[in-house]
Number of protein chains: 2
Amino acid sequence: MSTPQDTSERLLDAAEKLFARFGLDSASLRQITGEAGANLAAVNYHFGSKQKLVRAVIERRLRPINELRLARLDALEAAGEPLELRDVVESFIEPALSVGLHDGREFFVFIARAHGNPSPELREIVHNEMQPIAQRYGAALGKCLPELTLEQLFWRVHFVIGALCHTVINSELLEEVTEGLCRADDRDKMLQRLVDFSVAGFSGPVVGEV
Amino acid sequence: MSTPQDTSERLLDAAEKLFARFGLDSASLRQITGEAGANLAAVNYHFGSKQKLVRAVIERRLRPINELRLARLDALEAAGEPLELRDVVESFIEPALSVGLHDGREFFVFIARAHGNPSPELREIVHNEMQPIAQRYGAALGKCLPELTLEQLFWRVHFVIGALCHTVINSELLEEVTEGLCRADDRDKMLQRLVDFSVAGFSGPVVGEV
DNA sequence: GACGACTTCGAACGTGCGTTTGAATCATAC
DNA sequence: GTATGATTCAAACGCACGTTCGAAGTCGTC
């Protein structure tokens, strides 16, 4: 009716937008179908249930991001021998921020928020998509940082993901708190800041050991 | 009925636990009052509304944590001249993890999750509690890291908070993914890992500048 | 032992939710 | 132009939610 794409596509866009803005539970099917210019029953017709709509929203964006990550990591490993830490870190962070820049701005907020969602179904979806990524990057980072134990390495990956998610979710809050000093819309600078921080965090010494 | 404390206390405990486990929206008053062994109407009688219960849950724990942070920071500034970065970082992270160790395990998961909640009321609560903390730590860290601009500094604070929240929320997921290599229950090690990472992240050079 | 304030209780209210249904509409091929 | 399958539609379903209310209970004080 309103936008040229077909209904499924419009439902995905609307859901992505409203999930990001109001959260999974608070965004109702009435809101979503209204935003998409579709009938209330459209979601259940096209996707079967709200739960399956959630899955579709995630997979539509996360899959290409992770394919991009793996492709860039493949390229790095194929090209140079030394495998620079900074390149590996960037190949992980940049595709996410990049997709966040054109289409998937809303999705990126949503998926970062979803990391904190307690629902087991949602956890399972994210887990399935992220598990192979974790393995590949664990191996690649291990080569760059041979002085770290695998356990220390995984913790630091965990911290970086936390910083990444929090950044996407709450950078507007940071802009508020710093009274405009830190800009939430300058994604390039955000990326540089985050990569600087992450590379340093990965490279840091192990001080407090038991 | 069941536990010795009075009803308000039991409601706060139950709410904290269920908010952490199921999220703010999914944990219903029927669940909460059931868990607390109280009548459904008890929350509205003692707190006025669900929203005010949320506020009470947050303030009960966050206030002491932030007082502890400021006290430790005061002590550091009163004592030694140089003001070591690691001490400052630890004075921020440790009180939170410490409270998380005995009473406030559940709360800590909840408050970290709340960081990603879109509700404006919740944002305002957290904002009010955290704003003075941000200012004090901004100043203290600025002294330790004079080579950073204030903007760079605030970004790194933001990243550390992200890592901290994500760690508390999702360390069980990390334990799953690493198949037990990283333990979610060893808070001491978590603290050391996180402090190591954060100090290194703060100290890192500014590489990618425009 | 009756008063009063404080607390608990069961029951109900209105609202919004996800889902289902069956008829209406549309598009396409014959 | 009509038959067929896919899609859209309005309406209703049952359910769980937060909140409200007045009666019932509790307990210290006179």
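First the proteins, then the strands, lettered A, B, ... as listed; each starts at 1. These values consider heavy atoms only, across backbone and side chains, with no hydrogens, waters or symmetry-generated copies.
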Exercise. Hey, what bend do you get for the helix from C/dG4-D/dC27 to C/dC30-D/dG1 if you fit axes on five pairs at each end, rounded to 10°?
Worked result: 0°
Seminar exercise, completed: In short, salt bridge (charged side-chain N to carboxylate O under 4.0 Å, His left out) pairs touching residues 44-53 of chain B with sequence neighbours left out are none
For this session: Would you mind listing every salt bridge (charged side-chain N to carboxylate O under 4.0 Å, His left out) that reaches into residues 125-137 of chain A, with sequence neighbours excluded?
Result: A/R63-A/E129, A/D74-A/R136, A/E77-A/R136
Suppose we screen for ring-ring contact (aromatic ring centres under 6.0 Å, His included). Which residues come up paired with [X], at least two apart in sequence or across chains?
X      : value
A/F19  : A/F110
B/F92  : B/Y137
A/F154 : none

What's the [atom1]-[atom2] distance between [X] and [N], to the nearest Å?
X     : N      : atom1 : atom2 : answer
B/D6  : D/dT26 : CG    : C1'   : 15 Å
A/F47 : C/dG18 : CZ    : P     : 15 Å
A/L24 : C/dC17 : CG    : C1'   : 15 Å
B/Y45 : C/dC6  : OH    : P     : 7 Å

For this session: Look at B/E106 together with B/R61 and state whether they make a salt bridge at an N to O cut-off of under 4.0 Å.
Result: no
Output yes when at least one side-chain N/O atom of [X] is less than 4.0 Å from OP1 or OP2 of [N], else no.
X     : N      : answer
A/S28 : C/dC17 : yes
B/H46 : C/dT8  : yes
B/T7  : C/dT8  : yes

Nucleotide N/O of nucleotides 19-24 of chain D paired with protein N/O under 3.5 Å:
residue, atom, partner, partner atom, Å
D/dT19, OP2, B/N44, OD1, 3.4
D/dT19, OP2, B/K50, N, 3.0

Problem set entry | Partners passing salt bridge (charged side-chain N to carboxylate O under 4.0 Å, His left out) against B/K17 (at least two apart in sequence or in another chain) | B/E35
For this session: For A/R69, check salt bridge (charged side-chain N to carboxylate O under 4.0 Å, His left out) against everything at least two apart and list the hits.
Result: none
